[in-house]
Amino acid sequence: MSAALAGPDGALRCPWALSTADYVSYHDEEWGRPVHGDDALFERLSLEAFQSGLSWITILRRRPGFRTAFAGFHIEKVAAFTDEDRERLLADAGIIRNRAKIDATLANARVLADWAEGDLDALVWSHAPDPAGRPAPKTLADVPAVTPESTALSKALKKRGLRFVGPTTAYALMQACGLVDDHLETCVSRGRPPAR
């Protein structure tokens with residue numbers, strides 16, 4: 001059933017958040033909070049792509065290494081990476097050294113560097129569903145992996161030339177960046193306002 005469970009402080013949380021202290025912190029402070037800004041969304045999109053086929057905790061624990069390796073995910077800086085930078089990334093033990101995912105991140109930065117400022121933010125957020133049309137999930141079984149909105153977002157991103165942005169990755173992005181609130185109905189973080 002996987003309903004909300006009591007955390008270390010007694011507050012109810014989504015069950016996935018309770019396996020490590022890193023997850024509790026990420027769940028409480030970041031996941032599901034609105035994220036805006038092209039660079040910030042490029043980072044989330046890139047990390048969700050790297051997560052494909054892996055546990056999110058693997059990415060979360062290496063996020064500082066990713067941020068260092070990819071110049072803080074500043075689109076303009078990553079778009080200017082050279083072949084030497086690519087080789088450096090492939091040898092960097094602080095990140096996931098997956099050639100296809102590294103190449104996709106570099107290619108995506110080059111595509112996004114040609115977009116007008118705010119275009120990525122506007123495109124991503126234009127696919128946010130009406131929150132009134134989505135009942136709060138009671139258990140993890142009520143949380144989808146793909147939705148019509150994530151499928152549409154995936155298609156829109158691919159049409160504009162982005163890679164590693166399938167519907168499942170797009171939905172994980174929507175969850176992480178607050179386009180949807182998939183905290184369970186009784187979770188302490190459900191409906192929390194954005195962090196200031």
Side-chain angles (χ1 to χ4, degrees), residues 2 4-75 77-78 81 85-109 112 120 124 140 143 145-146 150 162-184 187-190 192 194-196:
S2 298
L5 299 173
D9 58 359
L12 294 176
R13 287 180 176 82
C14 302
W16 64 263
L18 299 176
S19 60
T20 72
D22 291 336
Y23 264 163
V24 172
S25 175
Y26 175 70
H27 170 274
D28 289 2
E29 298 167 20
E30 292 186 60
W31 193 75
R33 305 283 180 100
V35 173
H36 285 282
D38 294 345
D39 289 337
L41 288 168
F42 171 59
E43 175 183 341
R44 303 316 193 282
L45 191 62
S46 300
L47 293 179
E48 292 296 348
F50 272 101
Q51 187 270 331
S52 180
L54 301 170
S55 165
W56 176 246
I57 196 68
T58 302
I59 304 302
L60 188 60
R61 288 181 173 159
R62 292 187 188 202
R63 187 165 60 173
F66 274 106
R67 287 175 171 166
T68 299
F70 285 97
F73 288 97
H74 294 288
I75 292 168
K77 290 180 181 178
V78 179
F81 276 18
D85 289 307
R86 179 178 178 270
E87 292 307 311
R88 171 183 57 80
L89 292 168
L90 288 167
D92 190 338
I95 66 170
I96 304 300
R97 294 173 288 181
N98 178 295
R99 186 178 307 273
K101 293 174 182 180
I102 288 170
D103 287 346
T105 302
L106 300 181
N108 287 347
L112 291 169
L120 178 60
V124 168
L140 292 181
V143 178
V146 174
S150 76
L162 298 184
R163 295 159 45 184
F164 259 94
V165 289
T168 303
T169 296
Y171 193 65
L173 175 78
M174 294 171 77
Q175 291 175 302
C177 295
L179 280 77
V180 295
D181 184 353
D182 275 345
H183 287 287
L184 299 184
C187 174
V188 67
S189 292
R190 175 86 191 166
R192 274 193 180 165
R196 299 272 178 232

Practice problem: Could you go through the side chain to side chain contact (heavy atoms under 4.5 Å, CB included) check for Phe66 and Leu47 one step at a time? | Solution: CA-CA 8 Å; Phe66 274 106; Leu47 293 179; 3.7 Å; yes
Self-check item: Shortest non-hydrogen separation from Arg13 to Pro8 and the atoms involved
Solution: NH1-CD, 4.3 Å
Exercise. Might you point out which heavy atoms bring Ala107 and Arg163 nearest each other, and give the distance in Å?
Key: CB-NH1, 3.3 Å
Quiz prompt | Between Trp56 and Trp31, ring centroids under 6.0 Å | solution = no
Could you tell me whether the side chain of [Y] reaches within less than 4.5 Å of the side chain of [X], counting heavy atoms only?
X	Y	result
Gln51	Glu48	yes
Leu140	Pro15	yes
Leu5	Leu12	no
Leu45	Phe164	no
Leu18	Tyr23	no
Cys177	Leu41	yes
Val188	Asp9	no

Just verifying a value: how many Å separate [X] [atom1] and [Y] [atom2], rounded to the nearest 0.5 Å?
X	Y	atom1	atom2	result
Asp38	Leu112	CG	CG	7.5 Å
Ser46	Leu162	OG	CG	9.5 Å
Leu54	Ile96	CG	CD1	5.5 Å
Leu89	Asn98	CG	CG	12.0 Å
Arg67	Phe73	CZ	CZ	8.0 Å
Leu90	Asp85	CG	CG	11.0 Å

Self-check item: Worked verdict on Asp39 versus Glu43 for side chain to side chain contact (heavy atoms under 4.5 Å, CB included)
Solution: CA-CA 6 Å; Asp39 289 337; Glu43 175 183 341; over 6 Å; no
Could you tell me whether the side chain of [X] and the main chain of [Y] form a donor-acceptor pair under 3.5 Å?
X	Y	result
Thr105	Lys101	yes
Arg88	Ala69	yes
Arg33	Asp28	yes
Ser150	Val146	no
Thr68	Pro64	yes
Arg44	Leu173	no

Quiz item: Is the cationic atom of Arg63 (NZ for Lys, CZ for Arg) positioned less than 6.0 Å from the six-membered ring centroid of Tyr26 and within 45 degrees of its normal?
Solution: no
Quiz item: Pick one: which of Gln175, Arg190, His27 meets side chain to side chain donor-acceptor pair (under 3.5 Å) with His183?
Solution: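 Only match with His183 under side chain to side chain donor-acceptor pair (under 3.5 Å): His27.
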Quiz item: Below 4.0 angstrom, N of the basic side chain to O of the carboxylate: do Arg86 and Asp103 qualify?
Solution: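 Salt bridge: yes.
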Self-check item: Flag for Asp182-Tyr171: side-chain donor and acceptor within less than 3.5 Å
Solution: yes
Exercise. Quick one: do Leu106 and Val78 satisfy side chain to side chain contact (heavy atoms under 4.5 Å, CB included)? Show the steps, please.
Key: CA-CA 6 Å; Leu106 300 181; Val78 179; 3.8 Å; yes
